[in-house]
Amino acid sequence: MNSNIILIGMPGSGKSTCGVLAAKALLKNFFDTDLLIQNLENKRLQEIIDENGISYFEKAEEHAILSLDIKGTVIATGGSVVYSEKAMRHLKTLGKIIYLHLDYETMKGRLKNITTRGVVLKKGDTLLDMYNERLPLYKKYADEMIVCDHQTVEDTVISIVGLSN
């Protein structure tokens, strides 16, 4: 009951949407690290990236993750959290990490607001570049993986609940 479930994955994989529903089903709290970053910085994610740059954002994200000391919670992380080995090591100490996997085409189809949602996309990189760079990192840190391409939100939530035992 006290252990955490930590969701990682590409933008649009359903970490926040499925996370809050899984938390309800598991009788756990829900925590979204993107909201923590916004609260600490008093800016939306995209504003932080636009005004301060990606390097600053990644440091802010790492700082936010390292400040977490919670139990009995489903934690939705930002897609770029895997760029920080320190943050990922800390998350590993907090609970089970579940990777919500999407293939590239599915992710691309789900991302309608790429310029406003706070996606960490390095200058000159395409969405495919970001996908290819992050994919091995998600696999490296995951304790479990759910392939979400052809799943409904409900299917993914059921899978998260099933893996959290």
### Query
So, the side chain of Lys96 versus the backbone of Leu163: is there a donor-acceptor pair under 3.5 Å, distance only?
yes
### Message
Looking at Thr93 and His90, would you say the former's side chain and the latter's main chain have a donor-acceptor pair under 3.5 Å?
### Response
yes
#### Entry: Hydrophobic cluster membership, Leu21 vs Ile158, 4.5 Å side-chain cutoff
no
### Task
Could you point out which residue of Arg134, Glu62, Glu61 forms a side-chain hydrogen bond (donor to acceptor under 3.5 Å, both in side chains) with Ser80?
Glu61
### Query
Can you name the side chain to side chain contact (heavy atoms under 4.5 Å, CB included) partners of Thr106, sequence neighbours left out?
Leu102, Asp103, Arg110, Asp149
### Task
For residues Leu68 and Leu36, determine if any side-chain heavy atom of one lies less than 4.5 Å from a side-chain heavy atom of the other.
yes
### Message
Testing the basics here: between Ile98 and Ile5, what is the closest heavy-atom pair and its distance to 0.1 Å?
### Response
CD1-CG2, 3.7 Å
### Message
Within the supplied structure, the quantity of interest is the number of heavy atoms (other residues, nucleotides, ligands) at a distance under 6.0 Å from His63 NE2; does it exceed 12?
### Response
no
### Message
Is there a side-chain contact between Met88 and Ile97 in this structure, where contact means two heavy atoms from C-beta onward sitting under 4.5 Å apart?
### Response
yes
### Task
Sequence neighbours left out, what pairs pass salt bridge (Lys or Arg N to Asp or Glu O under 4.0 Å) with at least one residue falling in residues 74-85?
Glu85-Arg89
### Query
For Leu7, does its backbone N or O pair with a side-chain atom of Thr77 as donor and acceptor, under 3.5 Å?
yes
### Query
Hey, are the side chains of Asn29 and Ile70 touching, using non-hydrogen atoms and a 4.5 Å cut-off?
no
### Query
Judged by atom type as modelled, is there a donor-acceptor pair below 3.5 Å linking the side chain of Asp125 to the main-chain atoms of Met130?
no
## Note on the structure
Contacts of Asp129 meeting salt bridge (charged side-chain N to carboxylate O under 4.0 Å, His left out) (sequence neighbours excluded), chain-then-number -> none
### Query
When you look at Val74 and Phe31, which way does the side-chain contact (heavy atoms from CB on, under 4.5 Å) test go after all the steps?
CA-CA 6 Å; Val74 174; Phe31 194 87; over 6 Å; no
### Query
Quick check: are there more than 12 heavy atoms from other residues, nucleotides or ligands sitting under 6.0 Å from NZ of Lys108?
no
### Query
Between the side chain of Thr156 and the main-chain N/O of Gln151, is any donor-acceptor distance below 3.5 Å?
no
### Under 3.5 Å donor-acceptor, Gln38 side chain and Lys43 backbone
no
### Query
Below 4.0 angstrom, N of the basic side chain to O of the carboxylate: do Asp143 and Lys92 qualify?
yes
### Message
Lys86: which residues meet the salt bridge (charged side-chain N to carboxylate O under 4.0 Å, His left out) condition with it, sequence neighbours left out?
### Response
none
#### Entry: Validation row: Leu128, Tyr104 side chains within 4.5 angstrom (heavy atoms)
yes
### Task
Compare all side-chain heavy atoms of Tyr83 with those of Glu133 and state whether any distance is below 4.5 angstrom.
yes
### Message
Applying ring pair (Phe, Tyr, Trp, His ring centres under 6.0 Å) as the test, list every pair that has at least one member in residues 137-164; sequence neighbours left out.
### Response
Tyr99-Tyr138
### Query
Is a donor on one side and an acceptor on the other found under 3.5 Å between the side chain of Ser67 and the backbone of Ala64?
yes
### Task
Report the distance from atom OG of Ser164 to atom NZ of Lys28, rounding to the nearest 0.5 Å.
6.5 Å
### Task
Please examine the side chains of Leu100 and Ile160, heavy atoms only from C-beta on, and report whether any two atoms are closer than 4.5 Å.
yes
#### Entry: Test side chain to side chain contact (heavy atoms under 4.5 Å, CB included) applied to Thr152 - qualifying residues, sequence neighbours left out
Glu154, Asp155
### Task
Find out whether Asp50 and Glu47 are in side-chain contact, i.e. whether some heavy atom of one side chain is under 4.5 Å from a heavy atom of the other.
no
### Within-4.5 Å side-chain heavy-atom neighbours: Asp34 and Ser16
no
